[in-house]
Amino acid sequence: MSEKDQSTPDLLSESRRSAGFPSPADDYLELKLDLNSLLIKHREATFFLRVEGDSMIGAGIHSGDLIIVDRALQAQHKKVVVAVLDGELLIRRLSLQGSEVSLLAENSNYPAIVVSESTAFEIWGTVTNVIHEL
Amino acid sequence: MVEAERFALIDCNNFYVSCERLFNPKLEGRPVVVLSNNDGCVVSRSSEAKELGVKMGVPLFKIADLVKQKGIVTLSSNYALYGDLSERIMSILRNFSPSQEIYSIDECFLDFSGVSDRIAHGRQIRQCIKQQVGVPVCVGIAETKTLAKLANATAKKRTECGGVFDISALSQTERLALFAATPVGDVWGIGRKLVERLENIGIKTVKDFHDSDLEKMKELFSVVVERTVRELRGQSCLSMTEIAPVRKQILSSRSFGTYVYELSDLEQAVATYMATAALKLRTDESLAGALQVFIKTNRFAAPEDLYSQTATVTLKTPTDDSIQLVKAAITALRQIYRKGYAYQKAGVCLLDLSSINERQLSLFQSEASVSRSEKIMKLMDATNSTMGRGTLYLAAEGQNHSWQIKSNFKSPEYTTSWKELPVAHAK
């Protein structure tokens with residue numbers, strides 16, 4: 001430690017310097033609520049997409065909503081996912097029944113899509129949250 | 001026992017094309033090329049485009065017929081996207097080794113010394129990057145960096161090895177067979193000119209090069225070439241340089257989309273380039289002590305139409321203030337501008353960079369003026385980063401950028417602009 005460092009140890013906290021007792025709030029000063037830490041679990045694997053269409057309305061996902069997609073999660077049965085189907089990114093609920101993979105809509109106007117082995121299909125990521133503007 | 005050194009080179013496959021495919025899956029399986037600034041030359045090719053014979057660096061106009069005939073998709077480069085995905089990839093790779101050296105936007109070295117199952121480790125890296133960021137990578141492993149590069153090229157070529165190739169796991173016979181089958185031009189740092197000279201003395205393959213005489217290599221070429229031979233023999237001469245060297249200069253320059261004649265247009269261009277460079281400077285927490293401005297006509301123009309000039313300005317005090325830097329650049333530009341030329345390129349370069357922590361105020365500068373300029377720059381950068389690039393700009397940058405570069409086939413800034421997010425279809 002240099003001389004300079006030793007002469008200025010009290011710069012750490014404003015309240016610790018001014019009063020005899022440290023404020024109990026000091027330890028919490030940095031903890032502003034941050035939506036990123038709540039909504040993003042894997043920073044490098046998280047992407048934002050915009051929804052277009054109304055097939056997922058029953059799951060509370062509307063056209064124009066912003067969805068948060070985490071590619072680090074393993075896609076699971078009943079989770080809402082973004083899938084690549086015929087060269088397009090599609091948002092649907094994933095259903096895994098035995099060896100049968102299907103993509104379910106949350107709107108009776110849209111039939112389920114059963115993925116056959118010949119379909120060009122891939123899970124792009126798992127949808128973790130929806131941001132809907134009121 | 002001293003642990004044997006092992007290096008891994010992780011390199012993204014056709015990086016720019018792979019980035020584009022992540023958000024536009026329609027490009028999968030099709031021949032795709034990404035073009036350089038101004039849509040000039042091919043800088044990234046999908047494997048399908050490579051198979052059609054599209055060469056790296058070829059100007060777009062030379063392959064115009066092929067593009068039409070074969071339906072090759074041409075894209076302008078989208079560096080906002082590539083930069084963002086690169087940062088994600090490098091950040092994930094950091095978890096796989098105690099030591100990482102980022103070598104370029106799409107490749108990095110990792111220290112693999114002490115990894116027990118290197119192939120498995122490499123496979124895990126590949127799987128992880130593919131799943132999380134969606135970009136395919138290959139992993140080359142060896143005792144030296146030069147060999148790791150070679151291993152990576154081999155991993156790309158030999159599809160049967162699943163994207164991971166470990167030269168240090170080969171027997172001596174296998175190793176020499178690989179070297180004999182690889183042209184010397186595939187070796188890291190051996191450029192076209194050097195290949196010619198090496199071939200003239202009978203060195204055609206990596207094996208010839210590996211077997212060559214060290215003293216002779218040093219004498220005929222350089223210590224660098226000699227060191228490359230040592231590295232090919234498994235003697236590690238290049239260690240990991242973890243800390244990126246402090247940038248020596250920041251360059252911001254572009255070719256114009258059309259010829260520019262007027263001083264006012266050049267001023268706008270120079271101001272815009274300087275604003276970009278100054279932002280980089282502030283991001284690096286550096287100050288510039290000097291700057292350069294240059295303007296150029298087309299270098300293939302007739303001699304009487306050729307003009308190229310550079311002006312360098314030394315600043316009274318090192319600064320990171322866009323306003324001061326733009327002012328200085330424009331003053332310099334006015335000195336070198338000559339009417340009557342068709343300018344094709346302009347640029348600025350920030351020099352004499354120092355860390356902001358070493359700032360010393362000059363006699364004529366007050367603390368107050370420094371903190372005022374700091375406040376303005378912070379506000380400008382913060383606004384531009386939340387509201388989108390170019391929300392706040394200096395008047396000198398202008399609004400009507402008729403000189404701006406061509407990027408006719410640019411994809412959206414999928415990951416860096418709220419307005420350009422990829423679409424998930426709900427249908």
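All values below were derived from every heavy atom in this structure, side-chain atoms included, with hydrogens, water molecules and symmetry-related copies excluded. Order of the sequence lines sets the chain letters (A, B, ...), proteins ahead of strands, with each chain counted from 1.
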Do [X] side-chain atoms and [Y] backbone N/O form a donor-acceptor pair below 3.5 Å?
X      : Y      : answer
B:R88  : A:T46  : yes
A:R50  : B:L421 : no
B:Q131 : A:A72  : yes
A:W124 : B:G134 : no
A:E52  : B:A426 : no

**Asked** Is the closest basic N to carboxylate O distance between A:R43 and B:E87 below 4.0 Å?
**Response**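 Salt bridge flag = yes for B:E87 with A:R43.
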**Request:** Before accepting this row, confirm whether a basic side-chain N of the pair B:K427/A:E88 lies closer than 4.0 Å to the acidic partner's carboxylate O.
**Result:**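 Judged by the 4.0 Å cut-off on N to carboxylate O distance, B:K427 and A:E88 do form a salt bridge.
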In Å, rounded to the nearest 0.5 Å, how long is the span from [atom1] of [X] to [atom2] of [Y]?
X      : Y      : atom1 : atom2 : value
B:H425 : A:L85  : NE2   : CG    : 11.5 Å
B:Y414 : A:L49  : OH    : CG    : 10.0 Å
A:R71  : B:C128 : CZ    : SG    : 11.0 Å

**Message:** Using heavy-atom distances under 4.5 Å, tell me whether B:L22 contacts chain A through its side chain, its backbone, both, or neither.
**Reply:**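 Both backbone and side chain of B:L22 come within 4.5 Å of chain A.
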**Request:** Examine whether an atom of B:T415 lies under 4.5 Å from a heavy atom of chain A, and if so say whether it belongs to the side chain, the backbone or both; otherwise answer neither.
**Result:**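 Side chain of B:T415 only, per the 4.5 Å heavy-atom cut-off to chain A.
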**Message:** Counting only heavy atoms from other residues, nucleotides and ligands, does the tally under 6.0 Å from NZ of B:K130 exceed 12?
**Reply:**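 Result for NZ/B:K130: enclosed.
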**Request:** Report, as yes or no, whether the 6.0 Å neighbourhood of atom NZ on A:K79 holds more than 12 heavy atoms from other residues, nucleotides or ligands.
**Result:**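 12 or below, so no.
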**Message:** Shorter than 4.5 Å, heavy atoms on both sides: which option in A:G87, A:S63, A:G53 has the most such pairs with chain B?
**Reply:**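 That would be A:G87.
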**Message:** I need the minimum non-hydrogen distance between A:L89 and B:V423, along with the two atoms involved.
**Reply:**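 In terms of heavy atoms, the two residues are closest at CB-O, 3.6 Å.
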**Request:** Run the ring-centre check on B:F23 versus A:F47 and record whether the distance is less than 6.0 Å.
**Result:**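 That pair passes the under 6.0 Å test.
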Which atoms of [X] are under 4.5 Å from chain B, going by heavy atoms: the side chain, the backbone, both sets, or neither?
X      : result
A:I67  : side chain
A:L103 : neither
A:F48  : both
A:V84  : side chain

